[in-house]
Novice: 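What follows is a structure written as structure tokens; I'll ask about it next.
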2 protein chains.
Amino acid sequence: MGTKRQRAERRTDALSKERIVEAAIGILDTEGESALTFRALTTRLATGAGAIYWHVANKNELLTAATDDVMARVMTEVVGDTEPREAIRAVALGVFDAIDAHPWVGTQLTRDPSQSAMLQFFESIGGRLQALGVPEQAQFDSATALTNYVLGVAGQNAANARQAQETDRSAFLATAAARWARLDPEEYPFLRRMTTQLREHDDREQFLAGIDLILAGIATVR
Amino acid sequence: MGTKRQRAERRTDALSKERIVEAAIGILDTEGESALTFRALTTRLATGAGAIYWHVANKNELLTAATDDVMARVMTEVVGDTEPREAIRAVALGVFDAIDAHPWVGTQLTRDPSQSAMLQFFESIGGRLQALGVPEQAQFDSATALTNYVLGVAGQNAANARQAQETDRSAFLATAAARWARLDPEEYPFLRRMTTQLREHDDREQFLAGIDLILAGIATVR
DNA sequence: ACCTGAACACCGTTCAAGT
DNA sequence: ACCTGAACACCGTTCAAGT
């Protein structure tokens, strides 16, 4: 009985999968994707590599768990809306904001879209399409289109974050816009015409505009 | 003069960026992304690591060059169509087929979408939107939506290829469908309803269906 | 100018050994 | 059951030295 008590009162800083995932998220958020190594983790957790492997199979499982951790919060937070169209927009925006705050989530989702987080997203979208009155036949293609679009944005965001790193966003956009402006006008008339829009656009608004475009297309199928 | 001649007649197997890129593509296509290492390259090219670094700055530049090599062919092959809507579908399908044949291209495009290949794609789409009569204001958002969708599919395809690896496609789909069928029907009614469609769908057709959905949405903006 | 190949600094992962 | 930490098998990249 005394022994059992002792087991229940384990030191609060004992290692666990949750604590490891938490530490991983901390490193990813503050120092970026490339900083997450088992060495960095062992230092932060004051332990050995083998201790981590006792709780986690490998680095990929750790990344998956960290991503699901962030995404689970998003999916549960966005449940209020009843109007299906608004609900779809809200869920999509929730994912966008999460990826914006944690770019490494974008990398991970594009690397492994069969994550339970994406299944939840797909389910959440699909259920609303049903409520929207989209015919059965078209529901699969519609949900897939929305999901692929979100994954594309996720990847872009992660790539931008990787490239921006030091410089801030407006400087980053200015550089990109300058590159567009320097392109051959014969070969790239469209990009040149869009230079100003590139520099001045808002990622979040543009993301929503894309969602609305796809929703408008879906509304077309009757 | 004799010297100059000799220089012109260099041994045909001399190293060059093109030959290195070609070898890299060979490894990527036959053995997959993880097989592309500088050790594998030096073996295949019968040279030293330093020799490769003389022609190529680093692994990322090599991957970028290999991707642009594949994509450049796609973009030039698809120029026949005059009807803008068909041209957009053809360009998108060309990218899809290229990624289907070379899944590593999908990984690279999602990792670095500012590649010249994607700029060409964006330009190609944008020019056609103009021809389609899409208002200036909406062209940027429309081209971005299509591009993000294609990038999302690219990532998915690459991830699937990575996961499939050994087993063939139908076995892969069967496994995924079986996983969907095992989900809690209370929590995942939509996924369960879509299980059959997942198992029987054709990736290429579904990709086109998504493009058509977005195009239908774009046609809505007047 | 172009190439060789050993060496460097780092990875993720394993495993015998401890408690 | 859980943890330690040295060791292993790999990486990408550098660089003194060769031709």
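Below, read A as the first sequence line, B as the second, and so on, with proteins coming before strands; counting in each chain starts at 1.
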Novice: Is it the case that B:Thr110 and A:Arg111 place a side-chain donor and acceptor less than 3.5 Å from each other?
Specialist: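 Short answer, no.
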Novice: Give B:Leu36 one of three labels, base, sugar-phosphate or nothing, depending on what nucleic acid heavy atoms sit under 4.0 Å from its own.
Specialist: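 Result for B:Leu36 = sugar-phosphate.
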Novice: Would B:Arg162 and B:Thr107 count as having a side-chain donor-acceptor pair, cut-off 3.5 Å?
Specialist: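 Distance-only check passes for B:Arg162 and B:Thr107.
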Novice: Can you tell me if B:His55 touches the phosphate of C:dA1, counting only side-chain N or O atoms and a distance under 4.0 Å to OP1 or OP2?
Specialist: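 False: B:His55 side-chain N/O out of range (4.0 Å or more) of C:dA1 OP1/OP2.
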Novice: Which whole-number value in Å describes the distance from A:Tyr53 OH to D:dA6 P?
Specialist: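 Going from A:Tyr53 (OH) to D:dA6 (P), I get 17 Å.
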Novice: Between A:His102 and A:Leu28, does a side-chain contact (heavy atoms from CB on, under 4.5 Å) hold up when you go through it step by step?
Specialist: CA-CA 8 Å; A:His102 317 273; A:Leu28 288 164; over 6 Å; no
Novice: Before you tell me yes or no, could you show the steps for A:Tyr149 and B:Tyr149 under ring pair (Phe, Tyr, Trp, His ring centres under 6.0 Å), namely the whole-Å CA-CA distance, both residues' side-chain angles and the distance that decides it to 0.1 Å?
Specialist: CA-CA 4 Å; A:Tyr149 171 75; B:Tyr149 171 74; 8.3 Å; no
Novice: Between B:Thr67 and B:Asp69, do the side chains contain an N or O donor and an N or O acceptor separated by less than 3.5 Å?
Specialist: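 Side-chain D/A pair, B:Thr67 to B:Asp69: absent.
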Novice: Provide, to the nearest angstrom, the distance between the CD1 atom belonging to B:Ile52 and the C1' atom belonging to D:dT14.
Specialist: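 Nearest whole value for this atom pair: 14 Å.
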Novice: With the side chain of A:Phe38 defined as its heavy atoms from C-beta on, choose the nearest nucleotide among C:dT14, C:dG12, C:dA6.
Specialist: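 Given the options C:dT14, C:dG12, C:dA6, the side chain of A:Phe38 is closest to C:dG12.
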Novice: Nearest heavy atom decides the nucleotide; on that basis, is A:Arg39 or A:Ala51 closer to the 5' end of DNA chain C?
Specialist: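 Looking at the nearest nucleotide for each, A:Arg39 comes out on the 5' side.
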Novice: If you check the A:Asn58 side chain, which of C:dT13, C:dC3, D:dT13 turns out closest?
Specialist: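 Per side-chain heavy atoms of A:Asn58, the pick is C:dT13.
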Novice: Need to verify one output field. Residue with the more 5' nearest nucleotide on DNA chain D, B:Thr37 or A:Trp54?
Specialist: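 By nearest-heavy-atom nucleotide position, the 5'-most residue is A:Trp54.
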Novice: What's the separation between atom CZ in A:Arg128 and atom CG in A:Leu215, rounded to the nearest 0.5 Å?
Specialist: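 Reported to 0.5 Å precision, the distance equals 12.5 Å.
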Novice: Applying salt bridge (Lys or Arg N to Asp or Glu O under 4.0 Å) as the test, list every pair that has at least one member in residues 39-65 of chain B; sequence neighbours left out.
Specialist: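 Sorted result for residues 39-65 of chain B: B:Lys17-B:Glu61.
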Novice: In whole Å, I'd like the distance from the NZ atom of B:Lys59 to the P atom of C:dC10.
Specialist: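 Answer to the nearest Å: 19 Å.
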Novice: Take atom CG of B:Leu41 and atom P of C:dG5, then tell me their distance rounded to the nearest Å.
Specialist: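 Computing the B:Leu41:CG to C:dG5:P distance gives 16 Å.
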Novice: Expressed in angstrom and rounded to an integer, what is the separation of A:Leu15 atom CG from D:dC3 atom C1'?
Specialist: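 A:Leu15 atom CG is separated from D:dC3 atom C1' by 9 Å.
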Novice: Does A:Leu62 reach a base, just sugar-phosphate, or nothing at all? Heavy atoms under 4.0 Å.
Specialist: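 The residue A:Leu62 makes no contact with any strand.
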Novice: Rounded to the Å, how far apart are B:Glu61 CD and D:dT13 C1'?
Specialist: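 Atom CD in B:Glu61 sits about 14 Å away from atom C1' in D:dT13.
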Novice: Based on Watson-Crick and G-U pairs with both distances under 3.5 Å, what dot-bracket line describes DNA chain D 5' to 3', crossing pairs as [ ] and inter-strand pairs as |?
Specialist: ||.|||||...|||||.||
